[in-house]
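Here's the structure we're looking at; comments come further down.
The shown structure was predicted, so the numbers you read here are calculated from the model rather than taken from an experiment. Side chains included, hydrogens not; waters and symmetry mates left out as well; all remaining heavy atoms used.
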Amino acid sequence: GENVEQHPSTLSVQEGDSAVIKCTYSDSASNYFPWYKQELGKGPQLIIDIRSNVGEKKDQRIAVTLNKTAKHFSLHITETQPEDSAVYFCAASRRGGGADGLTFGKGTHLIIQP
Amino acid sequence: NAGVTQTPKFRILKIGQSMTLQCTQDMNHNYMYWYRQDPGMGLKLIYYSVGAGITDKGEVPNGYNVSRSTTEDFPLRLELAAPSQTSVYFCASSWTRDTQYFGPGTRLTVL
């Protein structure tokens, strides 16, 4: 089955700086890669996703890049703000066949230092 | 539009007790999922359903059962609670097989 590795487990950055979180996946058939943000005591919330026919996607201060050859994808947050502090999860899945559901990484605790 | 709702928010069980975690979505999504999240870990898929009357096992199904009699509801049943089932449980739903929307979770402790 799919295996998703996520690094780092904790990331501390100064407010206003950029943050990058990286994930690798094992199943070359995976073709959908979402990123979720989880605040304390809440369920994960989708912040951005990318499909395998696209190399990069941006949404304001957030961007995701995908390298299918290397089987890794990354989340980039620019101009970080205190409200960006949370746990971020990457995930992978294979649309259209096989077992359903997302395979998640273990999460990155992002801390924004004032 | 409430999205995905889960009840209860918290529950403490004794070993061997049983309970049902409720999940309801009002988005008319066909796909529904149950995940568990252990401390410092990502979410792991327990069971999923692609529509009413259809369910299938995920990565960690042992000790759990599900049913899907309606599009809206997808309850998760624990028959004989064990300490290893102490976790936070999340229900999710999706219109297609990718973008999933999560509920707020149920924090379960088995003592």
Side-chain angles (χ1 to χ4, degrees), chain A residues 1-10 21 23-27 29-54 57 59 64 66 86-109, chain B residues 2-7 9-10 21 23-25 27 29-51 54-61 64 66 68 74 76 87-107:
Chain A
E2 175 65 278
N3 182 52
V4 177
E5 299 285 339
Q6 182 172 348
H7 299 280
S9 56
T10 304
I21 302 170
C23 290
T24 60
Y25 61 98
S26 61
D27 187 350
S30 288
N31 52 19
Y32 174 66
F33 308 93
W35 286 88
Y36 285 85
K37 176 183 180 182
Q38 186 176 28
E39 296 175 334
L40 195 62
K42 297 184 177 180
Q45 181 179 16
L46 180 71
I47 56 172
I48 195 168
D49 57 11
I50 192 168
R51 290 172 174 78
S52 59
N53 58 348
V54 176
K57 183 177 179 180
D59 183 3
V64 57
L66 171 64
V87 179
Y88 291 80
F89 292 95
C90 63
S93 77
R94 184 177 55 180
R95 294 181 66 206
D100 279 324
L102 296 165
T103 300
F104 284 82
K106 292 185 178 180
T108 295
H109 186 192
Chain B
V4 180
T5 57
Q6 293 183 238
T7 56
K9 285 185 168 45
F10 304 94
L21 282 68
C23 175
T24 300
Q25 53 92 8
M27 298 174 281
H29 287 169
N30 284 326
Y31 300 90
M32 296 189 74
Y33 310 83
W34 274 106
Y35 294 88
R36 61 176 287 171
Q37 183 179 35
D38 298 321
M41 304 291 287
L43 286 74
K44 291 189 182 295
L45 184 65
I46 304 172
Y47 270 96
Y48 66 97
S49 170
V50 301
I54 306 170
T55 63
D56 209 344
K57 296 178 180 179
E59 182 183 356
V60 290
Y64 307 95
V66 294
R68 184 94 182 272
F74 190 39
L76 178 71
S87 190
V88 181
Y89 292 84
F90 290 100
C91 178
S93 72
S94 64
W95 178 248
T96 61
R97 285 185 174 185
D98 43 29
T99 306
Q100 296 183 20
Y101 299 90
F102 284 80
T106 294
R107 184 175 296 273

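In this structure, the side chains of B/Gln37 and A/Phe89 come closer than 4.5 Å at one or more pairs of heavy atoms.
By the neighbour-count criterion of 12 heavy atoms within 6.0 Å, atom CD1 of B/Ile54 is densely surrounded, having more than that number from other residues, nucleotides or ligands.
When heavy atoms are compared at a cutoff of 4.5 Å, A/Pro34 does not approach chain B at all. In this structure, no portion of B/Gln6 lies under 4.5 Å from any heavy atom of chain A. Contacts of B/Ser94 with chain A are absent, with no heavy-atom separation under 4.5 Å from either backbone or side chain. Of the two parts of A/Gln38, only the side chain, counted from C-beta on, holds a non-hydrogen atom closer than 4.5 Å to a non-hydrogen atom of chain B.
Heavy-atom pairs under 4.5 Å with chain A were tallied for B/Gly42, B/Gly40, B/Cys91; the largest tally goes to B/Gly42. When each of B/Val4, B/Thr99, B/Val88, B/Asp56 is scored by its heavy-atom pairs under 4.5 Å with chain A, the top score falls to B/Thr99.
Note that OH of A/Tyr36 and CZ of B/Phe102 are 5.0 Å apart. Values are rounded to the nearest 0.5 Å.
The residue from A/Leu102, A/Leu46, A/Asp49 that alone fulfils the side chain to side chain contact (heavy atoms under 4.5 Å, CB included) condition with B/Gln100 is A/Leu102.
Under the rule for a side-chain hydrogen bond (donor to acceptor under 3.5 Å, both in side chains), the partners of A/Ser26 that lie at least two apart in sequence or sit in another chain are A/Glu2. A search for side chain to side chain contact (heavy atoms under 4.5 Å, CB included) contacts involving B/Val60 returns B/Arg36, B/Lys44, B/Ile46, not counting sequence neighbours.
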